[in-house]
2 protein chains.
Amino acid sequence: MFMTDICVECAVRDQSLCGSLTDAELIALNSLGRRQTVARGETVIWAGDESIVCANLLAGVLKLSASTADGREQIVGLLYPADFVGRPYAEKSDFTVTALTDAELCVFPRKPFERVLEDHVRMERMLLQRTFSALEEARGRMLMLARNSAEEKIAGFLLGMADRAGSAGCRATASGPLTFDLPLTRGQIADVLGLTIETVSRQLTKLKAAGLIALPGARGVTIRDRAALQAKAEPA
Amino acid sequence: MFMTDICVECAVRDQSLCGSLTDAELIALNSLGRRQTVARGETVIWAGDESIVCANLLAGVLKLSASTADGREQIVGLLYPADFVGRPYAEKSDFTVTALTDAELCVFPRKPFERVLEDHVRMERMLLQRTFSALEEARGRMLMLARNSAEEKIAGFLLGMADRAGSAGCRATASGPLTFDLPLTRGQIADVLGLTIETVSRQLTKLKAAGLIALPGARGVTIRDRAALQAKAEPA
DNA sequence: CGGCTGATTGAATCGCCTCAAAGAGCGTGG
DNA sequence: CCACGCTCTTTGAGGCGATTCAATCAGCCG
């Protein structure tokens, strides 16, 4: 194995699907994969297009979105580093994938990737488990979208983002004030939660007024009272 | 192979996951599977419980539901004959599975079923594809839940049920009036669409008043103007 | 014939959306 | 360097759609 192998220096080597492969097995994938950087706002896959590629997300945040015939949009999932992108064995893409932040992908042509999958049962099994997890998450999101109030949605969303940011290590204190930057605009948060920009803004302002959070700068968020937020997110 | 083999007389033999197996391979599954009938209203799997079984649905309709801590419920999926039930490789169940009609299942203990899956790559691959389809459906449902009006939800729901009933062959005419029975109560429709009972009832009444549908009996529905319904479901 | 579950209908309320305008942050070019 | 324009955000006023609460009605079974 050469030092030029892209997998060797892969930041998500162990968390991604590839974690199921031995170094030897990686060689096949290695020759297949191609690093690709995408700028914030750029769309990687268009809904309805032919399904050409699969990928592992190395860095950044992507959104998965769907929209109605008359243009109403809904973000149906967010993808974080080490997440898998695309749908093997499908001829066309169902959803649009767009970069919310500058991002980096490890892209594979779909057909050859399917062959690798077929040759490596452990990897395919891992993909199955990931897909089940994604399904579970999607269904949980359905409950949230259909049954939670705007306040519950915002509180839950902030907690979710805080957990992610926390593990990414902005500040380690679990219960104390945690500050992080949202990778989404108000409009994108609205698209995730099934609300409007104005409602998102109003709810955030309300939580700030109540002292549960602070909003340093347009993108920053500080969790000041996690317990109270949790109570708003999940009323007994 | 003996005539007592349950797979031989299986109504969904070719449509289900098992369709990927040869008759010889079926023998292993055959000894594992157990027919189980469940009555309308009965719950097969409880959310949070240990994940003990997987199954193929042979007949009837099941609902997959989630609920908030304070009891608001959302149906996150419906299961029809030949659909797969459960989640292999997971230690606990995420959602509650309940029979909406009297139903019949072909149940497998999870652990042994996983072993069969591991031994039959084609079947596992088929499950992967099914799971991707379920994910796609769930995400489409998210768009519907978050962005469609009550009228759009009801119109779309009726069309979906009509398609199912149509293929099951109540009456073959594609564009003419099609009559079928809903397997769901108003309350359950409300849980599917993220509405309330009253809203469902009002929207149905409105569509009836507009002459797009008729409502013969509590459970019956007649599609009188499919094109108009389609227009309500999917405004350009 | 009650008693039950499910469906319908009405009235009033409220939460979120729509429309509208103003303010903040930020990069660009004069 | 600062004014300008852009995008994103905040805030307000008003309206509408769906919910909530409540009462009646229909079908079904014992």
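Predicted model, so just to flag it, every value in this text is computed and none were measured.
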No-hydrogen, no-angle side-chain donor-acceptor test under 3.5 Å, B:Ser16 and B:Arg130: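 No - no donor-acceptor pair under 3.5 Å links their side chains.
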
Side chain to side chain, A:Val44 and A:Leu105, heavy atoms closer than 4.5 Å: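 Contact flag for A:Val44/A:Leu105 side chains = yes.
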
Flag side-chain contact, heavy atom, 4.5 Å: B:Met161 against B:Pro183: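 Of all side-chain heavy-atom pairs linking B:Pro183 with B:Met161, at least one is under 4.5 Å.
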
Taking [atom1] from [X] and [atom2] from [N], how many angstroms apart are they, rounded to a whole number?
X: A:Leu195; N: D:dT9; atom1: CG; atom2: P; value: 14 Å
X: B:Arg147; N: D:dG17; atom1: CZ; atom2: P; value: 17 Å
X: B:Ile197; N: C:dT5; atom1: CD1; atom2: P; value: 13 Å
X: B:Ile189; N: C:dT8; atom1: CD1; atom2: P; value: 9 Å
X: B:Leu145; N: D:dG17; atom1: CG; atom2: C1'; value: 17 Å
X: B:Asn148; N: C:dC17; atom1: CG; atom2: P; value: 14 Å
X: A:Lys208; N: D:dT11; atom1: NZ; atom2: P; value: 6 Å
X: B:Arg40; N: D:dC29; atom1: CZ; atom2: P; value: 11 Å

Of the listed nucleotides D:dT9, D:dA18, C:dT18, the one nearest the side chain of A:Ala218: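 Selected nucleotide (nearest to the side chain): D:dT9.
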
Options D:dA18, C:dT9, C:dT8, nucleotide nearest the side-chain atoms of B:Arg202: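 Taking heavy atoms from C-beta onward, the closest nucleotide is C:dT9.
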
Is any side-chain N or O of [X] closer than 4.0 Å to OP1 or OP2 of [N]?
X: A:Ser201; N: D:dT9; result: no
X: A:Thr199; N: C:dC16; result: no
X: B:Thr185; N: C:dT5; result: no
X: A:Thr205; N: D:dT10; result: no
X: A:Arg186; N: D:dT10; result: yes

Touch class at under 4.0 angstrom, heavy-atom based, for B:Leu204 against every strand present: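 Touches nothing.
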
Sugar-phosphate, base or nothing in reach of A:Gly194, heavy atoms under 4.0 Å: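 If one applies the 4.0 Å heavy-atom cut-off, A:Gly194 turns out to touch the sugar-phosphate alone, with no base involved.
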
Sole residue of B:Val12, B:Asn56, B:Val38, B:Thr37 in side-chain contact (heavy atoms from CB on, under 4.5 Å) with B:Glu104: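 Testing each of B:Val12, B:Asn56, B:Val38, B:Thr37 against B:Glu104, the sole residue satisfying side-chain contact (heavy atoms from CB on, under 4.5 Å) is B:Thr37.
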
D:dC8 base / A:Gln188 side chain donor-acceptor hit below 3.5 Å: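 When only heavy-atom distances are counted, A:Gln188 does not reach the base of D:dC8 through any donor-acceptor pair under 3.5 Å.
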
Base of D:dG27 paired with side chain of B:Arg219 (donor-acceptor, under 3.5 Å):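 Side chain to base: no pair below 3.5 Å.
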
Salt-bridge criterion met for B:Arg139 and A:Asp94 (N-O under 4.0 Å):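 Here B:Arg139 does not pair with A:Asp94 in a salt bridge, since their nearest N and O are not under 4.0 Å apart.
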
Residue whose nearest DNA chain C nucleotide is more 5′ - A:Glu198 or A:Gly217: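 Its nucleotide being nearer the 5' end, the pick is A:Glu198.
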
